[in-house]
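Please read the structure below before turning to the comments.
Not measured: the values here are computed from a predicted model. Letters go in sequence order (proteins before strands), and every chain restarts at 1.
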Protein chains: 2
Amino acid sequence: MLTPRYFFANDFKQFYSYFLTQPHKKRFFRKGEFLWESGEPFQRIHYIISGAAQNYMEHENGHRKIISFHGEGTVFPGYHQHDYKIEQSLITTAVSDMNVLEFTKEQFRQMFETNPQLSANIVDWYSTYVNRLLYETAHQEYNSSLTRLCNLLYLLTGNETDHPDLYIDMTQDDLSDLLGISRIHVTRGLSQLREQEIILTRRKQIEIRDLPALTEYCSLETL
Amino acid sequence: MLTPRYFFANDFKQFYSYFLTQPHKKRFFRKGEFLWESGEPFQRIHYIISGAAQNYMEHENGHRKIISFHGEGTVFPGYHQHDYKIEQSLITTAVSDMNVLEFTKEQFRQMFETNPQLSANIVDWYSTYVNRLLYETAHQEYNSSLTRLCNLLYLLTGNETDHPDLYIDMTQDDLSDLLGISRIHVTRGLSQLREQEIILTRRKQIEIRDLPALTEYCSLETL
DNA sequence: CGACTCATTGACGTAGCTCAAGGTATGTGG
DNA sequence: CCACATACCTTGAGCTACGTCAATGAGTCG
């Protein structure tokens with residue numbers, strides 16, 4: 001039973017060697033560079049060999065919403081044919097140096113049409129993406145800011161694995177942009193958790209000290 | 001350039017005759033019946049011949065979030081293989097009497113794997129669904145309640161077509177559940193628009209009298 | 001006619017926002 | 001290696017948009 005994910009990785013790893021046999025371009029992006037710029041329609045699709053990217057949207061009033069992270073062994077953005085207005089506000093940047101395989105929409109279409117395993121995988125990827133968005137739209141929206149924060153921290157530990165990652169390397173600004181809660185309010189929530197010795201906060205990092213206690217604050221839907 | 005949609009219809013119409021040739025079950029649902037019940041894992045997929053369904057989610061604290069409507073000539077839910085926890089809180093009910101073709105996941109998988117046009121269409125459907133969810137998560141979230149309301153009304157007129165539908169047949173409760181805003185606040189927003197003679201309100205219906213004036217209240221992303 | 005369901009308006013409370021000021025790591029250039 | 005700039009974090013104070021509660025009105029249906 002899958003829970004929402006903010007970080008996508010390794011869900012296309014099995015196609016790496018196949019991708020290499022198909023027409024593509026090898027590219028390198030330095031940390032901070034754009035893979036997909038604001039205002040540009042969606043045109044190229046990347047298979048990520050190493051490094052990670054962040055996908056976010058800029059609101060006309062200046063707010064920034066981080067939607068997802070994409071790391072090694074995954075493909076972003078999801079392949080499709082339509083053009084959506086909202087894509088003009090989407091931005092993808094490298095959060096670390098990246099090596100990728102770059103495909104045009106047309107090249108990817110070729111593969112989609114001739115490789116049934118690939119097309120099945122793309123649909124699964126979409127369903128995972130939908131799941132993450134549904135979680136936010138239909139669940140998180142109704143939670144208090146503290147619950148939302150705790151849910152996010154819990155999910156970022158990669159709860160599904162046997163080895164939860166207890167160090168979340170992210171600024172409070174990023175958490176705020178992921179949650180759609182003001183940075184100051186995020187700080188207040190974290191302070192509260194810190195007082196209860198559930199977490200430790202430091203520069204660009206949250207350390208989870210007491211995962212069971214954290215889950216006490218999470219909504220049922222999250223666990 | 002596509003804008004978000006809340007109402008899905010006719011995007012699988014071209015497969016109707018194909019679907020009829022494939023293994024399926026014809027079913028009839030009376031208004032109010034469940035196509036997919038709460039707690040039940042996702043198992044069956046419906047092609048809608050006539051009538052319409054509503055897909056919503058129930059939050060553990062009692063809130064109800066309407067996600068989308070699905071009418072004639074479309075398929076719901078989207079085909080996929082994984083099981084997501086959140087699906088246990090999803091509910092689909094008939095909002096009018098419905099005639100559908102019902103497929104099991106397995107039957108649909110067969111079609112997905114053997115009909116490339118169908119699989120391409122499924123991916124396009126997913127991208128449209130993602131677009132609607134992104135719109136809400138990354139855009140509406142940052143708008144004031146009045147802007148959100150106006151955006152929704154505008155989108156519900158079916159703005160893309162040449163013949164906008166100026167009568168929105170929906171209770172204020174439904175609008176509130178679509179927007180994630182309290183019913184009372186929805187009423188207040190509507191009152192404001194009514195005072196400016198942009199809309200007329202009546203039982204289970206909003207009539208748009210002045211569409212251009214309405215768009216003045218919409219966010220840029222919506223138009 | 002009575003019993004729903006749906007819509008409206010007022011009064012009031014509060015979660016979360018913004019503004020403001022200050023504190024503490026980290027990195028850079030002289 | 002120091003000092004200075006910058007990025008990041010913390011806390012307080014006050015405001016406001018939106019939520020809840022409560023009372024009433026207005027269609028609709030059996």
Salt bridge between Glu72(A) and Lys13(A), side-chain N to carboxylate O under 4.0 Å? yes
dG19(D), dC17(C), dC19(C): which one has an atom nearest the side-chain heavy atoms of His185(B)? dG19(D)
Walking DNA chain D from its 5' end, the first of Arg188(A) and Lys204(A) to be reached, judged by nearest nucleotide, is Lys204(A)
His63(B) atom NE2 is separated from dG19(D) atom C1', nearest whole Å, by 9 Å
Can you figure out which of dT10(D), dT11(D), dT9(C) approaches the side chain of Thr201(A) most closely? dT10(D)
Compare side-chain N and O positions of Ser145(B) against OP1 and OP2 of dC18(D) and report whether any pair is under 4.0 Å apart. yes
OP1 or OP2 of dC6(C) less than 4.0 angstrom from a side-chain nitrogen or oxygen of Gln205(B), does that happen here? no
Within this structure, what is the CG-to-C1' distance between Leu175(A) and dT10(D), rounded to whole angstrom? 15 Å
To the nearest angstrom, the OH-P distance between Tyr142(A) and dA15(C) comes to 19 Å
Under 6.0 Å between the ring centres of Phe7(A) and His70(A)? no
Charged N to carboxylate O below 4.0 Å: is that the case for Lys85(B) and Glu221(A)? no
Is any side-chain N or O of Arg194(B) closer than 4.0 Å to OP1 or OP2 of dT8(C)? yes
State which of dT10(D), dC17(C), dA7(C) makes the closest approach to the side chain of Ser182(A). dC17(C)
So if I take every side-chain heavy atom of Ser144(A) and compare against dA11(C), dG16(C), dC18(D), which nucleotide ends up nearest? dG16(C)
How is Ile184(A) classified with respect to the nucleic acid when contacts are heavy atoms under 4.0 Å: base, sugar-phosphate, or nothing? base
Flag if over 12 foreign heavy atoms under 6.0 Å of CZ, Phe28(A): yes
Point-to-point distance, once rounded to the nearest 0.5 Å, from CZ of Phe19(A) to CD1 of Ile45(A): 9.0 Å
Can you check the Leu146(A) CG to dT14(C) C1' distance for me, whole Å? 16 Å
By nearest atom, which of the nucleotides dG12(D), dC9(D), dC17(C) is closest to the Arg183(A) side chain? dC9(D)
So, is Thr171(A) close to the dA7(D) phosphate, meaning a side-chain N or O under 4.0 Å from OP1 or OP2? no
What integer distance in Å separates Ile181(A):CD1 from dT18(C):P? 12 Å
Side-chain atoms of Arg203(B) come closest, of dA26(D), dT9(C), dA7(D), to dA26(D)
Should Arg202(B) be listed as having a side-chain N or O under 4.0 Å from OP1 or OP2 of dC6(C)? no
note: Leu200(A), atom CG; dC9(D), atom C1'; distance rounded to Å ~ 15 Å
In whole angstrom, what separates Gln172(A)'s CD from dG16(C)'s C1'? 16 Å
